[in-house]
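To keep things clear, I will list the structure first and then write my remarks on it.
Owing to the predicted nature of the structure, the values given are computational and were not obtained by experimental measurement.
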Amino acid sequence: LNYRHAQQQQEEELEQSSLMLDTGNEKYPEQRNLTIESLQSSNPSKCGYLMKKNRSIMATLFPCFVKQWKKRYFILIGNFLFRFSSSDSDYPKGVPIPLDVVRIGIVDTCCIEISMIRKVYHFKADSAKEASEWVDAIIERKHLALKESMGHAKSTKKIQDINKSASSLFKRKLKSESEVQSNITNP
């Protein structure tokens with residue numbers, strides 16, 4: 001229980017603080033090309049609103065008082081799925097989801113499940129048709145991303161830069177999680 005609590009607390013802290021940048025902050029310069037404006041101008045495969053299931057401890061313990069679903073704006077581009085607080089946000093909320101390691105499917109009429117070894121996300125669309133469109137777009141983009149990584153398809157320089165920046169953020173998150181786990185198991 002202590003490990004899970006520490007891991008969730010660390011996830012929340014990373015999502016709420018260190019990965020949300022001011023435009024003048026040079027702490028994470030790789031995130032400069034991950035603005036919503038930059039991503040939208042790079043011809044994304046799909047973008048729009050979905051509801052993201054709240055995985056926080058507070059939402060689990062007090063479901064009557066804490067929202068179970070949060071509206072988020074998503075952009076599917078390159079090898080990643082980015083989420084933002086809204087279409088007016090400057091930078092991504094949390095860590096981009098890498099497509100090359102996800103399993104995706106529809107688990108309920110309008111609910112999409114994206115799972116990785118370390119985390120499972122649940123997103124809700126407004127309709128079954130919209131959920132199906134998102135799943136199809138993610139699967140198609142995942143296949144194209146794998147072809148690009150093997151050299152069987154070309155991607156633009158801008159997409160390569162987006163992938164590099166997003167990958168850097170994702171690797172930093174994994175390193176941070178590894179350090180937390182190490183601190184818990186070896187106090």
Side-chain angles (χ1 to χ4, degrees), residues 7 10-50 52-53 55 70-104 112-123 133-180:
Q7 183 181 21
Q10 187 254 354
E11 282 179 13
E12 289 171 6
E13 288 172 4
L14 277 174
E15 283 194 30
Q16 293 173 0
S17 62
S18 67
L19 295 176
M20 296 299 293
L21 304 178
D22 296 323
T23 52
N25 188 340
E26 293 301 314
K27 188 173 180 183
Y28 303 117
E30 72 272 9
Q31 211 178 28
R32 272 188 244 136
N33 68 337
L34 299 181
T35 64
I36 199 165
E37 185 178 313
S38 174
L39 293 175
Q40 292 219 356
S41 70
S42 301
N43 195 23
S45 299
K46 187 158 181 65
C47 52
Y49 280 97
L50 293 169
K52 177 189 172 285
K53 186 160 186 164
R55 295 179 358 111
K70 298 178 180 180
K71 188 174 185 176
R72 296 287 183 246
Y73 188 75
F74 289 84
I75 298 178
L76 177 63
I77 188 167
N79 299 353
F80 293 88
L81 178 63
F82 295 86
R83 70 183 181 277
F84 296 81
S85 294
S86 72
S87 60
D88 297 328
S89 300
D90 289 328
Y91 291 97
K93 180 139 181 77
V95 180
I97 300 170
L99 301 179
D100 58 343
V101 295
V102 301
R103 213 177 71 234
I104 182 164
I112 302 165
E113 181 179 88
I114 297 179
S115 59
M116 301 183 292
I117 290 174
R118 58 177 274 286
K119 197 167 189 177
V120 176
Y121 296 94
H122 289 99
F123 304 116
E133 288 172 0
W134 271 102
V135 169
D136 291 346
I138 292 169
I139 290 170
E140 183 179 327
R141 186 60 227 162
K142 177 181 179 175
H143 289 150
L144 186 55
L146 291 170
K147 287 179 183 177
E148 290 168 353
S149 71
M150 294 186 301
H152 298 297
K154 299 254 187 218
S155 62
T156 66
K157 171 77 168 107
K158 195 160 188 176
I159 296 295
Q160 291 170 3
D161 291 343
I162 289 169
N163 287 338
K164 184 176 178 183
S165 297
S167 181
S168 175
L169 289 174
F170 185 74
K171 287 176 184 173
R172 184 180 316 112
K173 169 74 173 188
L174 289 179
K175 182 179 178 191
S176 175
E177 285 178 354
S178 175
E179 289 170 358
V180 166

T156 OG1 to N43 CG distance, which is reported to the nearest 0.5 Å: 8.5 Å
Check: S168 side chain, K164 main-chain N or O, donor-acceptor pair, under 3.5 Å: no
K53 atom NZ, over 12 foreign heavy atoms within 6.0 Å: no
N/O donor-acceptor pair under 3.5 Å between R141 side chain and I77 backbone: no
Where R72 and K52 come nearest, the two heavy atoms and their spacing: CG-CB, 4.0 Å
Euclidean distance, L39 CG relative to F82 CZ, rounded to 0.5 Å: 5.0 Å
Distance, nearest 0.5 Å, that separates CD1 of I114 from CD1 of I97: 5.0 Å
Criterion side chain to side chain contact (heavy atoms under 4.5 Å, CB included) on L34 and L169, from CA distance to verdict: CA-CA 11 Å; L34 299 181; L169 289 174; 3.5 Å; yes
Closest non-hydrogen atom pair, W134 against G48: CZ2-N, 3.7 Å
Residue pair Q40 / C47: nearest heavy atoms and the distance that separates them: NE2-SG, 4.4 Å
Rounded distance [0.5 Å steps], NZ in K157 versus OG in S42: 12.0 Å
Test ring-ring contact (aromatic ring centres under 6.0 Å, His included) applied to F74 and F80, F84, F123, the passing residue: F123
Main-chain N/O of N163 paired with N79 side-chain donor or acceptor, under 3.5 Å: no
Polar side-chain atom of S165 near backbone of I162 as donor-acceptor pair, under 3.5 Å: no
Which atom of A166 lies closest to which atom of P96, heavy atoms considered: CB-CG, 3.9 Å
Straight-line distance of D90 CG to S85 OG, nearest 0.5 Å: 10.5 Å
Atom CD of E140 with >12 non-hydrogen neighbours under 6.0 angstrom: no
Over all atoms of both residues, closest heavy-atom pair of R83 and G94: NH2-CA, 4.0 Å
Nearest atoms (heavy-atom pairs only) where I159 meets S155: CG2-CB, 4.1 Å
I112 side, atom CD1; H122 side, atom NE2 - distance, nearest 0.5 Å: 11.0 Å
Side chain Y49, main chain S87, donor-acceptor under 3.5 Å: yes
Min side-chain heavy-atom separation L76-L99 under 4.5 Å: yes
Side-chain heavy-atom pair Y73, I36 within 4.5 angstrom cut-off: yes
